[in-house]
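Note that the coordinates shown come from a computational prediction; the quantities given were computed from them, not determined experimentally. The analysis underlying the following values was restricted to heavy atoms, covering all of them including side chains, and did not include hydrogens, waters or symmetry mates.
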Amino acid sequence: MRFPLMRALGLTLTFLGGTSAWAKDDLRPAHQRFTKPEQVREWQQFCRKTSDFDLKAGPDALNTYLVSLGKEGWELVLMDTQVGMVCFKRPAS
């Protein structure tokens, strides 16, 4: 009875030791590894509630607003109708 218990304990410790060593290595293929960029791009963001838009004015009014934001460099990054939020971003500089 003692031998199977010791064997199971030994296998468990071997497995745990092996997985902790494995977790330290980055075993992903080279094309999936990411290095820290030398310069981190900074972004400006802003969000608005969808209730801020006059949707009764029709899609042309909303499209005109979105086009004007695009001309200022803003990019639509999120439109969540469940939360009621629309978010934009653009490079800070």
Side-chain angles (χ1 to χ4, degrees):
M1 180 85 176
R2 183 179 169 129
F3 179 73
L5 180 62
M6 293 301 288
R7 185 174 178 188
L9 180 61
L11 288 173
T12 302
L13 291 175
T14 302
F15 174 76
L16 291 175
T19 56
S20 66
W22 174 78
K24 293 178 186 174
D25 295 331
D26 191 353
L27 300 177
R28 293 176 292 176
H31 70 279
Q32 290 182 348
R33 293 184 199 143
F34 300 102
T35 59
K36 184 178 177 182
E38 292 179 18
Q39 293 181 348
V40 177
R41 177 173 242 174
E42 294 183 17
W43 297 92
Q44 295 177 324
Q45 304 99 9
F46 82 93
C47 296
R48 290 188 60 185
K49 292 187 260 179
T50 54
S51 60
D52 292 346
F53 299 104
D54 183 13
L55 299 177
K56 293 179 183 177
D60 291 335
L62 179 58
N63 192 45
T64 301
Y65 177 71
L66 294 175
V67 167
S68 68
L69 286 175
K71 288 180 181 178
E72 295 175 18
W74 292 102
E75 176 183 352
L76 178 66
V77 292
L78 172 76
M79 183 170 209
D80 190 333
T81 55
Q82 290 182 344
V83 176
M85 193 72 63
V86 180
C87 297
F88 302 87
K89 73 173 187 177
R90 71 177 175 188
S93 55

Holding to side-chain contact (heavy atoms from CB on, under 4.5 Å), I want the full list of residues that pass it with [X], two or more places apart in sequence or in another chain.
X	answer
Pro91	Arg41, Trp43
Met85	Cys47, Val83, Cys87
Ala61	Ala57

Return each pair, listed once, that meets side chain to side chain donor-acceptor pair (under 3.5 Å) where at least one residue sits in residues 77-88; pairs must be two or more places apart or across chains.
none
Would you give me the side-chain donor-acceptor pairs under 3.5 Å for residues 62-69, sequence neighbours excluded?
from  : atom 1 : to    : atom 2 : distance (Å)
Thr64 : OG1    : Asp60 : O      : 2.7
Tyr65 : OH     : Arg48 : NH1    : 2.7
Ser68 : OG     : Tyr65 : O      : 2.6

Out of curiosity, does Phe46 fall in the hydrophobic cluster containing Val86 (side-chain heavy atoms, cut-off under 4.5 Å, transitive links)?
yes
Are more than 12 heavy atoms from other residues, nucleotides or ligands located less than 6.0 Å from atom CD of Glu72?
yes
Nearest 0.5 Å please: distance from the CZ atom of Phe88 over to the CD atom of Glu75.
10.5 Å
Apply side-chain hydrogen bond (donor to acceptor under 3.5 Å, both in side chains) to Gln44 and list each qualifying residue two or more places apart in sequence or on a separate chain.
Arg90
